[in-house]
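All of these numbers come straight from a predicted model, not from anything done at the bench. Atoms within each ligand, like the ligands themselves, are counted from 1 in listed order.
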Amino acid sequence: MPDDVIVDRAGAVATITMHRPGKLNAFTGAMRVDLLAALQDAGGDERVRAVVLQGAGSAFGAGQDLSNVADGADLGALLQSEYVPIIRSIRTMPKPVIAAVRGVAAGAAANLALACDIVVATESARFIQAFIRIGLLPDVGGTWILPRLIGLARARAIAMLGLPVGGRDAAAWGMIWRAVPDDQLDAEIDALTASLVALPTDALAAVKQAFEMSGDHTLDEQLALESALQTPLGYSDDFREGRQAFLDKRPPQFGIKPNR
Ligand code: T3D
């Protein structure tokens, strides 16, 4: 059976590619298992400091393979057992996850992309909350992330109408970080990952954790969390290096550890 999820390592960057290009990378059960394993491996590997998630071929992904789920199946149970761990893995891994979106990102694949820390798309990319077209509601975190990113008015409309949002609009609305010309996506991702792997990974993890909790916190709770997260960073080699490099007027060299 061909690999439906491919992992490439280049230095400190792990690139995870969903690979069913003939079906626009629509999810099968095997693919979900392999994707979760790839994310968990990258998340737990100290040598990996940034993760890129992309689709093979012309699309990011078309969501659930609709020929691969039986009528009458308990979709909620399937979500809980197979999709939810994927989203949790992305949101909790202590390093940045970047979605590189070219072509269509529909259904579960759209919300998988939006769960990533930084989303870059081509200008011709399309994000589609396709669920309503088949009698479902946005899942895989869509109803949570969309209003936070683009506000309720736009979230409601695209969820209810199932209309595509192009890469440029997605960027203008704040749904994603940037849209770039189609032929510049790879270069943009390379530049982004080069920046991220040169930054202090533990501090990036703390940024991620702080934003993750901020939605449910009062200001006082968030101020307390920031203080708690800053204490270990203040004792870290990265802070020592960052501060010294500033004083020496030289670029910092973060995360130089024997195992990296
Ligand atoms: O388990 C559960 O069900 C619960 C979880 C649900 C999560 C979900 O993701 S539900 C949403 C599922 N996804 C969709 O409803 C999207 C369905 N696909 C489309 O609407 C369109 O294909 C696209 C808008 C994504 C792209 O349109 P287009 O015109 O660029 O491509 P196409 O010609 O429709 O598709 C190309 C091929 O991919 C085609 O195969 P063929 O005919 O060449 O052999 C098409 O059937 C296949 N394909 C695309 N999406 C899916 C798919 N095959 C199976 N499942 C798909 N989701």
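Partner of Met31 under the side-chain contact (heavy atoms from CB on, under 4.5 Å) criterion, out of Val5, Leu36, Asn68: Val5 alone. Each of Ile128, Leu163, Ile132, Leu146 was evaluated against Ile158; a single residue qualifies, Leu146, per the side-chain contact (heavy atoms from CB on, under 4.5 Å) test. If you run side-chain hydrogen bond (donor to acceptor under 3.5 Å, both in side chains) between Glu123 and each of Arg168, Gln184, Arg178, only Arg168 comes through.
In this structure, the protein non-hydrogen atom closest to atom 42 (O) of ligand 1 is Lys23 NZ, 4.8 Å. Here the protein heavy atom with the shortest distance to atom 1 (O) of ligand 1 is Leu78 CD2, 3.3 Å. The protein atom (non-hydrogen) at minimum distance from atom 2 (C) of ligand 1 is Leu75 CD2, 3.6 Å. Closest protein heavy atom to atom 43 (O) of ligand 1: Gly22 O, 4.6 Å. At the shortest separation from atom 51 (C) of ligand 1 among protein heavy atoms lies Ala62 CB, 3.9 Å. The protein atom (non-hydrogen) at minimum distance from atom 32 (P) of ligand 1 is Leu24 CD1, 4.3 Å.
The closest heavy-atom contact to atom 12 (C) of ligand 1, among the options Arg126, Glu82, Arg133, Gln64, comes from Gln64. With distances taken over non-hydrogen atoms, the option nearest atom 10 (S) of ligand 1 out of Phe131, Tyr83, Phe60 is Phe131. Relative to atom 15 (O) of ligand 1, the option among Val69, Leu66, Leu136, Ile128 with the closest non-hydrogen atom is Leu66.
Between Tyr83 and Phe27, a ring centre-to-centre spacing shorter than 6.0 Å is recorded.
Those atoms of ligand 1 that come under 4.0 Å of a heavy atom in Gly63, given as number and element, are 9 (O). For ligand 1, the atoms closer than 4.0 angstrom to any heavy atom of Gly107 are 9 (O), 11 (C). Atoms of ligand 1 found under 4.0 Å from any heavy atom of Ile134, numbered from 1 in the order shown, are 10 (S), 11 (C), 15 (O).
Checking Ser89 against Gln40 by side-chain atom types alone, no donor-acceptor pair falls below 3.5 Å. Counting only N and O atoms by type, the side chains of Gln209 and Arg91 include no donor and acceptor under 3.5 Å apart. Asp65 and Ser67 share a donor-acceptor pair across their side chains, judged by distance under 3.5 Å alone. Donor-acceptor pairing under 3.5 Å is lacking for the side chains of Arg102 and Thr122.
Within a 4.0 Å radius of atom 40 (O) of ligand 1, the protein has at least one heavy atom. Checking atom 21 (C) of ligand 1 against the protein gives no heavy-atom contact under 4.0 Å. Protein heavy atoms all stay at least 4.0 Å away from atom 34 (O) of ligand 1. For atom 45 (C) of ligand 1, the nearest protein heavy atom lies 4.0 Å away or farther.
For Asp65, heavy-atom contacts with ligand 1 shorter than 4.0 Å involve the backbone as well as the side chain. Of the heavy atoms in Asp139, only side-chain atoms (C-beta onward) come closer than 4.0 Å to ligand 1.
A salt bridge links Lys208 with Asp117: the closest approach of a Lys/Arg side-chain nitrogen to an acidic carboxylate oxygen falls below 4.0 angstrom. With respect to the salt-bridge test (charged N to carboxylate O, under 4.0 angstrom), the residues Arg243 and Asp248 do not qualify.
Nearest approach of Gly142 to Asn111, heavy atoms of both residues: CA-ND2, 3.3 Å.
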